Amino acid sequence: MSLSLVQGFSKSLAMTVLSEIGDKTFFAAAILAMRHPRRHVLAGCLSSLIVMTILSAAVGMAAPNLISRTLTKHITTVLFFGFGLWSLWDAYNDDDSEELAEVEAELDADVKANGGTTKSNNKVDDDLKKKNRPFLTQFFSPIFLKAFSITFFGEWGDKSQLATIGLAAAENPIGVVVGGIIGQALCQTAAVFGGKSLATQISERFIALSGGILFIIFGIQSFFSTIES
């Protein structure tokens, strides 16, 4: 196993765990798992994050072919330092319970907007509902699709996605993908099976502080690798 593969894997794994624990998608998975079957929630959330990780790594892998590798490294260095300072700022200014409350309120609003959950014992009504369901729900559980969409759009443009792009541009993309997927699997499994009780015990401030320090370290490494090259 090459050194670049190990570095890409280890950096991606550490970054993913510290970025995703206490993130909006982590809380969303925990809350959804309390309201719906866990297997559907876990499958939806994890599938979404795997797709997002692969897409992000693909963009990062293509970046050096679109712009010079030196400029790519400079951009990656700036991203790491920027995310590090962003995370440190969050650590000192965010309330631990704020993000959890925000996600829960958004999910509650979504339930109310859809009229809540209703049960019907009428078989004819149930069959009619199935026929009128959107195309994708004919093949996938509605809970799977809900978890997938909430997670995908929650991660789109998030600093963990952008950091994955930067890592894939600077490190071995295969190692970044494997490390990212394993990290996502660990976080989402903890969220789904640990439930809201685990989410409320997590110190967002400590996770943000740890993530900030990690990003700063990545930035320093990227800076010196740029000088050496």
Side-chain angles (χ1 to χ4, degrees), residues 4 7-29 48-64 66-67 69-96 98-100 102-103 151-173 175-184 186-188 191 202-227 229:
S4 63
Q7 286 180 339
F9 171 82
S10 58
K11 285 185 176 181
S12 181
L13 178 62
M15 180 207 70
T16 300
V17 170
L18 289 177
S19 297
E20 293 302 323
I21 291 183
D23 193 25
K24 280 188 177 182
T25 52
F26 181 91
F27 289 135
S48 177
L49 291 169
I50 288 174
V51 171
M52 181 66 74
T53 300
I54 294 174
L55 287 176
S56 301
V59 172
M61 186 171 56
L66 301 176
I67 56 179
R69 182 165 293 275
T70 300
L71 181 57
T72 301
K73 288 184 177 181
H74 285 313
I75 294 174
T76 301
T77 301
V78 172
L79 280 176
F80 285 148
F81 279 120
F83 291 147
L85 295 174
W86 182 2
S87 296
L88 293 177
W89 175 264
D90 287 343
Y92 286 104
N93 291 278
D94 279 0
D95 179 14
D96 274 356
E98 183 179 346
E99 191 139 24
L100 175 59
E102 181 183 340
V103 173
T151 303
F152 188 86
F153 292 109
E155 281 294 302
W156 189 264
D158 189 65
K159 64 175 177 281
S160 59
Q161 184 206 12
L162 298 177
T164 300
I165 294 174
L167 268 181
E171 304 290 345
N172 186 298
V176 172
V177 169
V178 175
I181 290 175
I182 292 177
Q184 298 287 9
L186 292 174
C187 292
Q188 293 302 305
I202 291 174
S203 171
E204 293 179 53
R205 183 170 286 108
F206 175 76
I207 295 299
L209 179 62
S210 301
I213 293 173
L214 184 68
F215 277 125
I216 294 295
I217 292 173
F218 287 173
I220 293 172
Q221 290 178 336
S222 179
F223 174 76
F224 282 111
S225 68
T226 303
I227 293 177
S229 61

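Source: prediction; values computed, not measured.
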Contacts of Trp156 that satisfy side-chain hydrogen bond (donor to acceptor under 3.5 Å, both in side chains) - sequence neighbours left out: none
Counting C-beta onward and ignoring hydrogens, is there a side-chain heavy-atom pair between Leu85 and Trp89 closer than 4.5 Å? no
Can you list the residues that meet the side-chain hydrogen bond (donor to acceptor under 3.5 Å, both in side chains) rule with Glu155, with sequence neighbours excluded? Thr25, Ser160
Got a second to check how far Ile217's CD1 is from Phe80's CZ, nearest 0.5 Å? 12.0 Å
Output the distance between atom CD1 (Ile216) and atom OG (Ser87), rounded to the nearest 0.5 Å. 8.5 Å
To the nearest 0.5 Å, atom OG1 of Thr53 lies from atom CG of Leu167 at 11.0 Å
How far does CD1 of Ile181 sit from CD of Gln188, to the nearest 0.5 angstrom? 13.0 Å
Ser56 to Ile165 - nearest heavy-atom pair and separation: O-CG1, 3.3 Å
Ala57 and Val177 have their tightest heavy-atom pair at CB-CG2, 3.3 Å
Does Ile182 have any side-chain contact (heavy atoms from CB on, under 4.5 Å) partners at least two apart in sequence or in another chain, and if so, which? Phe9, Leu13, Val178, Leu186
Go through the structure and list residues passing side-chain hydrogen bond (donor to acceptor under 3.5 Å, both in side chains) with Thr72, not counting sequence neighbours. none
Using side-chain contact (heavy atoms from CB on, under 4.5 Å) as the criterion, list what pairs up with Ala163, not counting sequence neighbours. Met15, Phe83, Phe215
Any chance you could measure Leu49, atom CG, to Phe152, atom CZ, to the nearest 0.5 Å? 10.0 Å
With sequence neighbours left out, what residues match Thr16 under side-chain contact (heavy atoms from CB on, under 4.5 Å)? Ser12, Glu20, Gln184
List in chain and number order the residues that pass side-chain hydrogen bond (donor to acceptor under 3.5 Å, both in side chains) with Glu171, two or more places apart in sequence or in another chain; answer none if no residue qualifies. Lys11
So OG1 of Thr151 and CD1 of Ile50: to nearest 0.5 Å the spacing works out to 11.5 Å
Could you list the residues that satisfy side-chain contact (heavy atoms from CB on, under 4.5 Å) with Ile75, not counting sequence neighbours? Ile67, Leu71, Leu79
Shortest non-hydrogen pair, Thr76 vs Ala170, comes out as CG2-CB, 4.1 Å
